[in-house]
Amino acid sequence: MKIPMSRELPKAYEPSAIEKRWAEYWITEKLFSVPTPPPGEKRPVFTLLLPPPNVTGRLHMGHMLNQTQMDIIVRWHRMRGFLTLWLPGTDHAGIATQMMVERQLAKEGKNRRELGREKFVERVWEWKREYGGAILEQMKRLGASVDWDREYFTMDENLSRAVREVFVRLYEEGLIYRGKYIANWCPRCETVISDLEVKHSDVPGKIWEIRYPVIETALESDQTAAQSAAGRPERPSPREFITVATTRPETMLGDTAVAVNATDERYRHLHGKKVRLPLMNREIPIILDELANPEFGTGAVKVTPAHDPNDFEAGRRHNLPQIEILDEHARTNANAGPYASLDRFKARERVVADLEEQGFLVSAKDYMVPLGTCDRCGTVVEPRISEQWFVKIKPLAEPAIRVVESGEVSIVPENHKQVYLNWMNNIRDWPVSRQLWWGHRIPVWHCGDCNETIVARETPAKCPKCGSTKLEQDTDVLDTWFSSGLLPFTTLGWPEKTRDQEVFYPTTLLITAYEILFFWVARMIMFGCHFMKGHQQDPAIKKASGWGDKKDDSVPFRQVYIHALVRDAERQKMSKTKGNVIDPLEIIDRFGTDATRFTLAAMAAPGTDIAFNESRTEGYRNFANKIWNAARFMFMNQPADQSSAVSRQSSAGGVCGFEARTLEDRWILSRFNRVTKDVNAELTDFRFHEAASGIYNFFWTEFCDWYLELLKPRLNSDNGGEVRVAAGNLVRLFEAALRLLHPIMPFITEEIWQAIYEGQAPAKSIALAPYPQVDERQIDLAAETDMAILQDLIVSVRNLRAELKVETKMKVPVEIYAQDRATRALIEQNRGAVERLANVETIAFVETSLAKKGGSRNTARFDVHVVYERKIDTQVERARLQKELDAVEKEIESKQRQLGNDQFLSKAPGKVVDGMRSRLDELRILRDKLRKQLEELG
RNA sequence: GGGCGGUUAGCUCAGUUGGUUAGAGCGCGUGCCUUACAAGCACGAGGUCGCAGGUUCGAGCCCUGCACUGCCCACCA
């Protein structure tokens, strides 16, 4: 691909003009594709699995944050020489996709049942082929440096085969079983869903108290005796009632008992009795069970084993019948007698009305009702009995707990580790079957003749027990998370043993949102530890990659980084219903991908949510523009005979060929190395915000505002040699800074970097160039100290000029007193810089303090006085001085107190004590000068 | 009912193991179209770090309590 490139850059940076071009270039050149490495590969390896977005998904801010962080880490590793594999793909997203296509069908006036399963599934595949790639296309705009040659889809044949393999193995190991249990049922999706897929909330509603008449029995005499013992009236009322409370009165149609606690004295006389169920006119027993809490309500509770999980358990304990009164649509069925064929809420109304009419309703009170709704469609879920496949989870959870406890898998930030462990320690069996059509069909067949259940990897020809060919495959599909939980190894060729696994498994890192810690992360760890048990990563690679101390290579990843949630500017969670969703693509259109990425990076402090604020993005768009213009300046100042000043050899990563001749050269080189050192450390700890702001400050403040300004005279010098050095330094430093910035802002850095080399770049892309690494020898403390003094001097003069209201263009003479010889020498040597940057005509050094002169500034190292006829506003100046003096005196006092404290002197580190002493010395000088100045003002 | 987090400048947020002067961006004020950049430059104002105690030579950071505020988990009728 020919790279269009020009050193005549437009004045304002236009991201849209370049971003698309580079995104395409990276893909067509296959820059990020990683073929299976040959044996003997020794490079360190970095592997990252993209959390697969749903095929139905549209890119939202959460994705973008997630992908930006991943891309930063990935590009950073790649530039540091890691063999870097980032695996992209999409998830078939069972319910979501099926709903999407069903909606489409509905528009055509059809439904899936008319179509039939086979045709419907074909239809979903069509939809997937047509629209399923949308989110990955959107990803490309973000610049995500994934290996597109390895793109996967969770229903690809190879991944599906692995899913069947896993199911069969688990079954054979006794870790999968089938049973009739009560579970959350979504009447709209018509499938069972797991606890995790239910959202709980309390909503205003009602609680109804209902009385059930007690049936008098032959045991009455005993009861009476018991009552007397309990100090009750000797005679029971002719019609005794037992009162229960419920927030779902319609379920009483399915009641098969009333429970009281055995310890509850109030009900002792009713032990062994029965009640007559109102409306249904059915006799049901009073049972003694822990289910009834004497502290709550009346202490008596109705028991509906078919429609409540607690009652289900109680029902099992007491062998109670399970009477289902609701069907899969949550409509009442024939068991509801006169209330059959009603929507559940309609049934509720009728039941309440009739109870009231017949005198069974005791009360109806306002109440906050706990309500579970379907995560997908928002429908109120209904606990319902059905036959499902379950994964026995404890044996899988134990190793998954161990590897996190031991740090074989580390979770960052660490507080999520505890959350993970809490959940895992209380984990319950996982219902994995779903009554859907779209997904991995369960590899189980039922024999139509002998009813045998056959669990097999491939479709069996006949029943192994009776030889019948009347076999029907189980109609259910697997929970979407079942297949995505396998991805760390199935994408690397499992169940075959492959070279890819040897090299890339365990994956290095997982970056994901907190929300799917249980859904996905936990399942990956369980499956990884189970199915990759005994796996060993290529030892040379493992060591080179920095994981030599890890013992367990079965884990799916070495590290998990949990990132925050992106909220809107008001800190509200973004949601479609609230209408406060910020569309990242729209932000990108307006500010550019680089600026948007930078925003997310700069705000991504680990552990805190991000309130996405557009004004920040605008600021970072400006930052990109700043870099752009600095580049224009750089190109403008390249001598004609020095078209490519940068060595084509890539250096070890630092600034290559820089000739530090002057203070500003030594200073900027030192600063660059310091920032480089910091950024590398910060990225190691996922402190994206610190890395981003470090680079921002370096580029803008130090490089542009100071270094470029100091360089200008040298670039405009008549001395060709000097110009050459200055221009060369400029371009070399710039080149290195671009590499430093590249992981966060890949597009603009690529554009300028390529332009620097004019088609002769040492690599196909800056993304393949080395990442800057600190060269400690280039850190120059003296240069940094000296530069700070000069900056202080220049700012002081600028400040005085502003106060004296010197016309901007007018140069003024200044007088400087520096008692310290070194300081004076420093200023003398750099007087040109001071004159230029502070707009000074001449500098005159004097031998006595200038503190008494108006229009002066004093520091511990120097006094500077601007010679100008206009007088300062005495009032304002006095106030300013007084304020400063107060602050200084206050600080002196506190320092003196500390330095006078023996405990402090003996306990505090010497560095701190020395630092405080010299600071105190400076403060005293400053105080004296300020006092003199105040005296002078009178 | 449990668990976790937040409270720092007008706004949005940083502040890694406690250590000398608490930072940034935006916004605000003043002056500048200075030949890279007005999406810019220069200078400036603005904070008793939620409240009350405690530990320490030293606390924005550690401990206790309180207030307000978010989130997650949980089968309480």
Participant: Could you check how far CD of A:Glu807 sits from P of B:C33, rounded to whole Å?
Facilitator: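 Those two atoms, CD and P, are 12 Å apart.
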Participant: Indicate, with a heavy-atom threshold strictly under 4.0 Å, whether A:Trp208 touches base, sugar-phosphate, or nothing.
Facilitator: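 No contact.
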Participant: Can you tell me the Watson-Crick or wobble partner of B:A22, both distances under 3.5 angstrom?
Facilitator: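 Across all strands, not a single nucleotide pairs with B:A22.
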Participant: Taking the minimum atom-to-atom distance to the side chain of A:Lys907, which one of B:A39, B:A36, B:C57 wins?
Facilitator: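 Selected nucleotide (nearest to the side chain): B:C57.
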Participant: Would you say the side-chain atoms of A:Glu618 and A:Asn622 include a donor-acceptor pair closer than 3.5 Å?
Facilitator: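 No, no side-chain donor-acceptor pair sits under 3.5 Å.
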Participant: Does A:Lys199 place a side-chain N or O at less than 4.0 Å from the phosphate oxygens OP1/OP2 of B:C72?
Facilitator: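 It does not, given that no N or O in the side chain of A:Lys199 lies less than 4.0 Å from OP1 or OP2 of B:C72.
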Participant: Both distances below 3.5 Å, Watson-Crick or wobble geometry, any strand: find the nucleotide opposite B:G46.
Facilitator: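 For B:G46, the partner nucleotide comes out as none, under the 3.5 Å rule.
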Participant: Classify A:Glu295 by what it touches in the nucleic acid, base, sugar-phosphate, or nothing, heavy-atom distance under 4.0 Å.
Facilitator: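 Here A:Glu295 touches no strand at all.
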Participant: Would you mind pulling out the nucleotide paired to B:U55, Watson-Crick or G-U wobble, both distances under 3.5 Å?
Facilitator: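 Result: none.
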Participant: Check every strand shown and say whether A:Gly910 touches a base, only sugar-phosphate, or nothing at a heavy-atom separation below 4.0 Å.
Facilitator: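 Touches nothing.
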Participant: Give the nucleotide from the list B:C32, B:C76, B:A36 with an atom nearest to the side chain of A:Cys704.
Facilitator: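 Within the option list, the nearest is B:A36.
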Participant: Any side-chain donor-acceptor pair under 3.5 Å between A:Asp429 and A:Tyr181?
Facilitator: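 Distance-only check fails for A:Asp429 and A:Tyr181.
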Participant: In this structure, how many angstroms lie between the P atom of B:C26 and the CZ atom of A:Phe591, rounded?
Facilitator: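 Roughly 13 Å, once rounded to whole Å.
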Participant: Whole-Å distance between B:C43 P and A:Leu804 CG?
Facilitator: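 For the pair A:Leu804 CG and B:C43 P, the rounded distance is 15 Å.
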Participant: Which is true for A:Gly619 with a 4.0 Å heavy-atom rule: it touches a base, it touches only sugar-phosphate, or it touches nothing?
Facilitator: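 Nothing, no nucleic acid heavy atom in range.
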Participant: Does B:G60 have a Watson-Crick or wobble partner in any strand here, with both distances under 3.5 angstrom, and which is it?
Facilitator: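 WC or wobble partner does not exist here.
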Participant: If the P atom of B:G27 is compared with that of B:G40, how far apart are they to the nearest Å?
Facilitator: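 It comes out at 9 Å once rounded to the nearest Å.
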Participant: Between A:Arg632 and A:Asn629, is there a side-chain donor-acceptor contact under 3.5 Å, judged purely by atom types and distance?
Facilitator: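 Per modelled atom types, A:Asn629 and A:Arg632 side chains form a pair under 3.5 Å.
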Participant: Taking OP1 and OP2 of B:C41, is either one under 4.0 Å from a side-chain nitrogen or oxygen of A:Trp700?
Facilitator: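 So the side chain of A:Trp700 is within the cut-off, an N or O lying under 4.0 Å from OP1 or OP2 of B:C41.
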Participant: May I ask you to evaluate whether A:Lys626 reaches the phosphate of B:C41, defined as a side-chain N or O under 4.0 Å from OP1 or OP2?
Facilitator: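 For B:C41, OP1/OP2 do have a side-chain N/O of A:Lys626 under 4.0 Å.
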Participant: Quick check on B:G15: is either OP1 or OP2 less than 4.0 Å from any side-chain nitrogen or oxygen of A:His689?
Facilitator: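 A:His689 to B:G15 OP1/OP2: side-chain N or O found under 4.0 Å.
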Participant: Consider the side chain of A:Met603, meaning its heavy atoms from C-beta on, and name the nucleotide among B:C43, B:U12, B:C76 that approaches it most closely.
Facilitator: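 Nucleotide nearest to A:Met603's side chain: B:U12.
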Participant: Rounded to the nearest Å, what distance is computed from the CG atom of residue A:Leu600 to the P atom of nucleotide B:U12?
Facilitator: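 So the two atoms are 18 Å apart, to the nearest Å.
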Participant: Looking only at side-chain atoms of A:Ser615, point me to the closest of B:A36, B:G15, B:C26.
Facilitator: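 Nearest to the side chain of A:Ser615 among the choices is B:C26.
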Participant: Looking at every strand, decide which applies to A:Ala292 at a 4.0 Å heavy-atom threshold: base, sugar-phosphate, or nothing.
Facilitator: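 Contact class for A:Ala292: base.
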Participant: Would a 4.5 Å heavy-atom cut-off, applied to side chains only, mark A:Tyr620 and A:Leu600 as touching?
Facilitator: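 In short, these two side chains do not touch, never coming nearer than 4.5 Å.
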Participant: With sugar-phosphate meaning primed atoms plus P, OP1 and OP2, does A:Leu708 contact a base, only sugar-phosphate, or nothing at under 4.0 Å between heavy atoms?
Facilitator: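 Here A:Leu708 touches the bases of the nucleic acid.
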Participant: So does A:Ala691 get a backbone contact from the side chain of A:Glu682, meaning a donor-acceptor N/O pair under 3.5 Å?
Facilitator: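 Yes; judged by distance alone, with no hydrogens or angles, the pair exists.
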Participant: Mind calculating the distance between CG (A:Asn622) and C1' (B:A38) to the nearest angstrom?
Facilitator: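 Distance check: A:Asn622 CG to B:A38 C1' gives 10 Å.
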Participant: On the nucleotide B:C75, are OP1 or OP2 found under 4.0 Å from the side-chain N or O atoms that A:Arg428 carries?
Facilitator: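 So the side chain of A:Arg428 is within the cut-off, an N or O lying under 4.0 Å from OP1 or OP2 of B:C75.
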Participant: A:Trp423 CH2 to B:C71 P: how many Å, rounded?
Facilitator: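 So the two atoms are 22 Å apart, to the nearest Å.
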Participant: Out of B:A36, B:G44, B:A77, which has the shortest distance to the side chain of A:Val795?
Facilitator: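 Of all the options, the side chain of A:Val795 is nearest to B:G44.
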Participant: Side chain of A:Asn415: nearest nucleotide among B:A77, B:C4, B:U16?
Facilitator: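 Selected nucleotide: B:C4.
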Participant: May I ask you to evaluate whether A:Asn426 reaches the phosphate of B:C73, defined as a side-chain N or O under 4.0 Å from OP1 or OP2?
Facilitator: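 So the side chain of A:Asn426 is outside the cut-off, no N or O lying under 4.0 Å from OP1 or OP2 of B:C73.
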Participant: Looking at A:Ser796, is its backbone amide N or carbonyl O close enough to the side chain of A:Arg801 to form a donor-acceptor pair, meaning the two atoms are under 3.5 Å apart?
Facilitator: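 No, the answer is negative, given that no donor and acceptor are paired below the 3.5 Å cut-off.
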Participant: Does A:Arg880, at its CZ atom, have more than 12 non-hydrogen atoms belonging to other residues, nucleotides or ligands within less than 6.0 Å?
Facilitator: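 Count over threshold, so yes.
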Participant: Just compare B:G19, B:C73, B:A77 and give me whichever is closest to any side-chain atom of A:Val301.
Facilitator: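 Shortest atom-to-atom distance from the side chain points to B:A77.
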Participant: Hunt down the Watson-Crick or G-U wobble partner of B:G70, both distances under 3.5 Å, from any strand shown, or write none.
Facilitator: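 The answer is B:C4, by the H-bond criterion.
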Participant: Between B:C57 and B:G18, how far apart are the two P atoms, rounded to whole Å?
Facilitator: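 Approximately 15 Å lies between the P atom of B:C57 and that of B:G18.
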Participant: May I have the distance from A:Met916 (atom CE) to B:G58 (atom C1'), rounded to whole angstrom?
Facilitator: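 So the CE-C1' distance, A:Met916 to B:G58, works out to 8 Å.
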Participant: Which part of the nucleic acid does A:Ser693 contact within heavy-atom distance under 4.0 Å: base, sugar-phosphate only, or nothing?
Facilitator: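 Contact class for A:Ser693: none.
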Participant: What does A:Pro383 touch in the nucleic acid at a heavy-atom separation under 4.0 angstrom: a base, only the sugar-phosphate, or nothing?
Facilitator: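 Answer is nothing: A:Pro383 stays at 4.0 Å or more from every strand.
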Participant: Determine which nucleotide pairs with B:C33, using a 3.5 Å limit on both distances of a Watson-Crick or G-U wobble pair.
Facilitator: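 Here B:C33 is not engaged in any pair, so there is no nucleotide opposite it.
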Participant: May I ask which nucleotide in the shown strands pairs with B:A14, Watson-Crick or G-U wobble, both distances under 3.5 Å?
Facilitator: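 Its partner: none found.
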Participant: Does a nitrogen or oxygen in the side chain of A:Tyr367 sit under 4.0 Å from OP1 or OP2 of B:A77?
Facilitator: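 Result: yes.
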Participant: Any donor-acceptor pair under 3.5 Å between the side chain of A:Lys712 and the base of B:A36?
Facilitator: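 Counting by modelled atom types and ignoring angles, a donor-acceptor contact under 3.5 Å is found here.
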Participant: Could you check A:Val806 against A:Glu14 and say which one's nearest nucleotide on RNA chain B is further toward the 5' end?
Facilitator: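 The 5'-side residue here is A:Val806.
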Participant: Reading RNA chain B from 5' onward, which residue's closest nucleotide shows up sooner: A:Asn901 or A:Tyr696?
Facilitator: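 This one resolves to A:Tyr696.
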Participant: Picking from A:Arg919, A:Arg927, A:Gln896, what satisfies side chain to side chain donor-acceptor pair (under 3.5 Å) with A:Glu891?
Facilitator: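 When side chain to side chain donor-acceptor pair (under 3.5 Å) is applied between A:Glu891 and each of A:Arg919, A:Arg927, A:Gln896, only A:Arg919 qualifies.
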Participant: Is A:Leu920 touching bases, backbone alone, or none of the nucleic acid, heavy atoms closer than 4.0 Å?
Facilitator: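 The residue A:Leu920 makes no contact with any strand.
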Participant: How is A:Asn310 classified with respect to the nucleic acid when contacts are heavy atoms under 4.0 Å: base, sugar-phosphate, or nothing?
Facilitator: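 It contacts base atoms.
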Participant: Less than 6.0 Å separating the ring centroids of A:Tyr696 and A:Phe623?
Facilitator: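 Between A:Phe623 and A:Tyr696, which both carry aromatic rings, the centre distance is below 6.0 Å.
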Participant: Checking contacts here: which listed nucleotide (B:C73, B:G5, B:C57) is nearest the side-chain heavy atoms of A:Phe518?
Facilitator: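 Of B:C73, B:G5, B:C57, B:C73 is nearest to the side chain of A:Phe518.
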Participant: At less than 4.0 Å, is any side-chain N or O atom of A:Arg616 found next to OP1 or OP2 of B:U12? Yes or no.
Facilitator: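 Result: no.
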Participant: Check every strand shown and say whether A:Asp705 touches a base, only sugar-phosphate, or nothing at a heavy-atom separation below 4.0 Å.
Facilitator: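 Result for A:Asp705 = sugar-phosphate.
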Participant: Closest approach to the side chain of A:Lys809, judged atom by atom: which nucleotide of B:C72, B:A74, B:U34 is it?
Facilitator: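 Of the candidates, B:U34 comes closest.
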Participant: Which part of the nucleic acid does A:Asn293 contact within heavy-atom distance under 4.0 Å: base, sugar-phosphate only, or nothing?
Facilitator: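 Base: the residue A:Asn293, judged by heavy atoms under 4.0 Å, touches a nucleobase.
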Participant: Find out whether A:Asn261 and A:Asn293 are in side-chain contact, i.e. whether some heavy atom of one side chain is under 4.5 Å from a heavy atom of the other.
Facilitator: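 Side chain of A:Asn261 against side chain of A:Asn293, heavy atoms only: no contact under 4.5 Å found.
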Participant: Answer yes or no: side-chain N or O of A:Arg621 and base N or O of B:A39 forming a donor-acceptor pair under 3.5 Å.
Facilitator: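 Yes, a donor-acceptor pair under 3.5 Å.
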Participant: Side chain of A:Arg632 only, heavy atoms from C-beta on: which candidate in B:G40, B:C76, B:C37 is closest?
Facilitator: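 Within the option list, the nearest is B:C37.
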Participant: Provide, to the nearest angstrom, the distance between the CG atom belonging to A:Leu421 and the P atom belonging to B:G2.
Facilitator: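 A:Leu421 atom CG is separated from B:G2 atom P by 21 Å.
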Participant: Using a 4.0 Å heavy-atom cut-off, does A:Tyr13 contact any base of the nucleic acid, only the sugar-phosphate backbone, or nothing at all?
Facilitator: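 The answer is base, as A:Tyr13 lies within the cut-off (heavy atoms under 4.0 Å) of a base atom.
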